[in-house]
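I have placed the structure first, in the form of structure tokens, so that the comments after it can refer back to it.
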Amino acid sequence: MALPMQSRLHGAAIELAAPYVAEMVRREMLNRFGDATYTAGFQVVTTLDSRLQRAADYALRNGLLEFARRRGYRGPLATVELPDDSLETPFADWPIQVRQQLDQYVPGGLSAAIVTALNEDNSATIVLRDGEIASIPWRGIRWAKPFIDRETTGPEPEAVTDVLAPGDLIIVMPTAAGSWALAQVPEAQGAIVALDPSDGAIGSLTGGFDFATSKFNRAIQAFRQPGSSFKPFIYSAALEHGNTPATVILDAPVVISSSELEAVWRPINYTGRFYGPTRLREALVRSMNLVSVRLLLFETGIGNAARHIAKFGFGDAALPRNGSLALGAGAASPLDMAQGYAIIANGGYAIKPYIIDSIFAASGEALYRAEPVVVCAECQAEPDEPYDDEPVEEIPLEQMAEIALEYRPDAAAAPELFAGVNDAPHVVSAQNTFLIQDMMRDVIRRGTGRRALALGRSDLSGKTGTSNDQRDAWFGGFNADLASIVWVGYDDDLPLGPGEEGSRTALPIWIEFSRLALRGLPENQPPMPDGIVSVLIDRETGCPARAGQRNVTFEMFREGQVPVCESTEALPDIFNDTSGIDAAEQPEEEETLF
């Protein structure tokens, strides 16, 4: 009776905040168990890696906040009437209406603050929740060019008075330097998905800036145009139908009459220029649209390409049966794209993404355990030598039973246990996917994804992508351990704004995620399979180089597909017809417009 009254919240401690995944699990549990989901005390174990999930949340929020800064400052949330001598008046004596303004929920871990004074050094004094007084230095304010519309901003501010005024209710964020910076809730949204290429386990998934303000899970529910990030699958289909990374395709105007594409369709390169005869590797590295269109229409065929690309897990929505397929004009979710990239990363094995690893009853009884198909090249290969007959240590039956309940070997450790059971089907050849991996590695080394060189790794492959009118920005990348996709766009499908492309908008988010996700992990590049040869070729013609020839480079080929070129007269006519070709420099950036 003498002790003071106390109360506290009772419930499960949240070890990892992953609300989009929690909602996916809730819906799946409802499908399985109905209303008992809420009362039976089930325990669900997911495939999430807490380190990857935290990295995804951090990278996406930071990237969207940075995007919001580039698009201009939309102004304060409101203007409040401050009490006289507000800095000298105790916060508890402030009007309750003002104090409640600071208690409101702000998405994304941001905070509300009220500007109380503007200082001569262009800093601003602010009051935070519970009356804490802080300061925003000029470096945290000077980014705030006035927002005019989604494509236009005003001039850069010259003083704090150009941005703020006393009484402004604003949003602020903490900085790494220990100070505060002016911020705003992004209007754009995004998603990150990361998969284990060996079995499709989802290591991280976040479907937006803040689940509390929007339950729409863009990682699985937003079907958007992947743009140039879809081109690796187009090139894979081309390789499957007789082309090589050294095949030369003419980058020149294409005009197609099609009722499906509204009469006349004229795809263009991002720069509006034409670059003449171009090897496939260079076309993918520089994301050249016209080469992709010609490759699809005149080399591979739409039907052949669609049937091949479907092996990567894409449905009909992603596979329009017309020339726009070459430019990623279908509809795919970030999870779809992550699955496709994971299949490239694992050497062509069809894996399926999954999020629930196991389900247990309140008593601890196992009700469900995932049995995903597993990439197991060893399972599908004949053993080099028969098993030896060396004696093994005998284990008592009771100990063997205990071990059996816990022992879950992987395919690499015990391939004989997986052969013919859960081994993933090999749907695309190892040689095909290796060549695509290698071409995508050049996208990072010297192409549109070269900003990823900041990670200091040589085992990464990737591809940028931007859809028509900059409505969607993508970047996807992988090594042998992890395949991940980043998407950024507006929910209303309006353009992101000038210059907002995959390489500027999505790639920095992917870099930050990968920096955290791969920290401390050794490089793991998919190995070169049998049946691949390296040949010195002429950079211009793609033909094997002659002794002493200059302007050469090494190229990878499947055995039996090294080009044979006896003389320049035997080369395609495109080398003798350069009419209408602009010989300007190659584009510094991609992106897809059609």
Side-chain angles (χ1 to χ4, degrees), residues 17 51 53-77 87 91 101-147 153 156-190 192 206 208-210 212-213 451 454-455 486 488 500 504-517 519:
R51 182 174 56 86
Q53 185 62 36
R54 292 189 182 99
D57 290 338
Y58 175 82
L60 183 62
R61 285 184 173 178
N62 270 14
L64 292 177
L65 287 169
E66 180 60 31
F67 171 83
R69 290 161 68 103
R70 289 198 300 269
R71 304 323 307 167
Y73 181 53
R74 300 191 298 274
L77 298 176
L87 292 180
F91 184 71
Q101 294 270 33
L102 292 174
D103 277 335
Q104 66 178 290
Y105 177 77
V106 182
L110 305 176
S111 301
I114 295 177
V115 178
T116 56
L118 305 180
N119 308 312
E120 292 184 359
D121 62 355
N122 279 332
S123 66
T125 302
I126 59 174
V127 171
L128 298 158
R129 186 178 181 180
D130 297 331
E132 177 187 351
I133 299 175
S135 177
I136 307 178
W138 173 240
R139 64 177 178 272
I141 301 172
R142 62 188 176 189
W143 64 266
K145 296 183 291 185
F147 173 87
T153 60
E156 292 188 6
E158 298 180 357
V160 67
T161 53
D162 296 335
V163 181
L164 301 175
D168 282 352
L169 178 66
I170 61 174
I171 294 175
V172 295
M173 62 181 290
T175 69
S179 61
W180 293 89
L182 179 65
Q184 61 187 352
V185 177
E187 290 185 330
Q189 288 287 350
I192 296 182
T206 183
F209 182 74
D210 191 292
T213 58
R451 290 182 181 178
L455 293 170
V486 172
V488 177
E500 299 296 344
R504 186 187 189 194
T505 309
L507 176 55
I509 298 174
W510 186 87
I511 291 172
E512 183 63 18
F513 168 73
S514 299
R515 182 182 67 82
L516 299 171
R519 176 182 291 169

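Counting from 1, the numbers follow the sequence of the chain as shown.
Summarising the geometry of A506 relative to V488, their closest heavy-atom pair is CA-CG2, 4.5 Å, with the distance given to 0.1 Å. Nearest heavy atom pair, residue A124 against residue L164, reads CB-CD1, 3.9 Å. Across all non-hydrogen atoms, the minimal contact from L516 to A55 is CB-CB, 3.6 Å.
S514 contributes a side-chain N or O that, together with a main-chain N or O of W510, makes up a donor-acceptor pair within less than 3.5 Å. Checking side-chain atoms of R74 against main-chain N and O of P146 turns up no donor-acceptor pair under 3.5 Å. For T206 (side chain) and I192 (main-chain N/O), no donor-acceptor pair under 3.5 Å exists by modelled atom type.
Side-chain atoms of R451 and I511, non-hydrogen and from C-beta on, do get closer than 4.5 Å to each other. Looking at heavy atoms from C-beta onward, T505 lies in side-chain contact with F67 at the 4.5 angstrom threshold. Using a 4.5 Å cut-off on side-chain heavy atoms (C-beta onward), L128 and V172 make contact. Side-chain contact between F513 and L60: absent, with no pair of heavy atoms (C-beta onward) separated by less than 4.5 Å. I126 places none of its side-chain heavy atoms less than 4.5 Å from the side chain of T116.
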Test log, rule side-chain contact (heavy atoms from CB on, under 4.5 Å), inputs I170 and V115: CA-CA 7 Å; I170 61 174; V115 178; 3.8 Å; yes
Trace of the side-chain contact (heavy atoms from CB on, under 4.5 Å) decision for L102 with L169: CA-CA 8 Å; L102 292 174; L169 178 66; 4.1 Å; yes
Y73/V163 under side-chain contact (heavy atoms from CB on, under 4.5 Å): CA gap, chis, key distance, verdict: CA-CA 8 Å; Y73 181 53; V163 181; 4.0 Å; yes
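Among residue pairs with one or both ends in residues 160-175, none qualify as salt bridge (Lys or Arg N to Asp or Glu O under 4.0 Å); sequence neighbours excluded. Applying the side chain to side chain donor-acceptor pair (under 3.5 Å) test to residues at least two apart or on different chains, the pairs with a partner in residues 174-190 are T175-S179. Residue pairs that meet the side chain to side chain donor-acceptor pair (under 3.5 Å) test with at least one member in residues 61-70, sequence neighbours left out, are Y58-N62, R70-E500.
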With a cut-off of 3.5 Å and sequence neighbours excluded, list every side-chain donor-acceptor pair involving residues 104-112.
| unit_1 | atom_1 | unit_2 | atom_2 | d |
| --- | --- | --- | --- | --- |
| Q104 | NE2 | Q101 | O | 2.9 |
| Y105 | OH | D210 | OD1 | 3.1 |
| Y105 | OH | D210 | OD2 | 2.8 |

Ignoring hydrogens and angles, write down the donor-acceptor pairs under 3.5 Å from the side chains of residues 129-143, residues two or more places apart or on other chains.
| unit_1 | atom_1 | unit_2 | atom_2 | d |
| --- | --- | --- | --- | --- |
| R129 | NE | D103 | OD1 | 3.0 |
| W143 | NE1 | G140 | O | 3.3 |
| W143 | NE1 | L182 | O | 3.2 |

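Atom OG1 of T125 and atom CG of L118 lie 8.0 Å apart (nearest 0.5 Å).
Residues forming a ring pair (Phe, Tyr, Trp, His ring centres under 6.0 Å) with F91 (at least two apart in sequence, or on another chain): W94.
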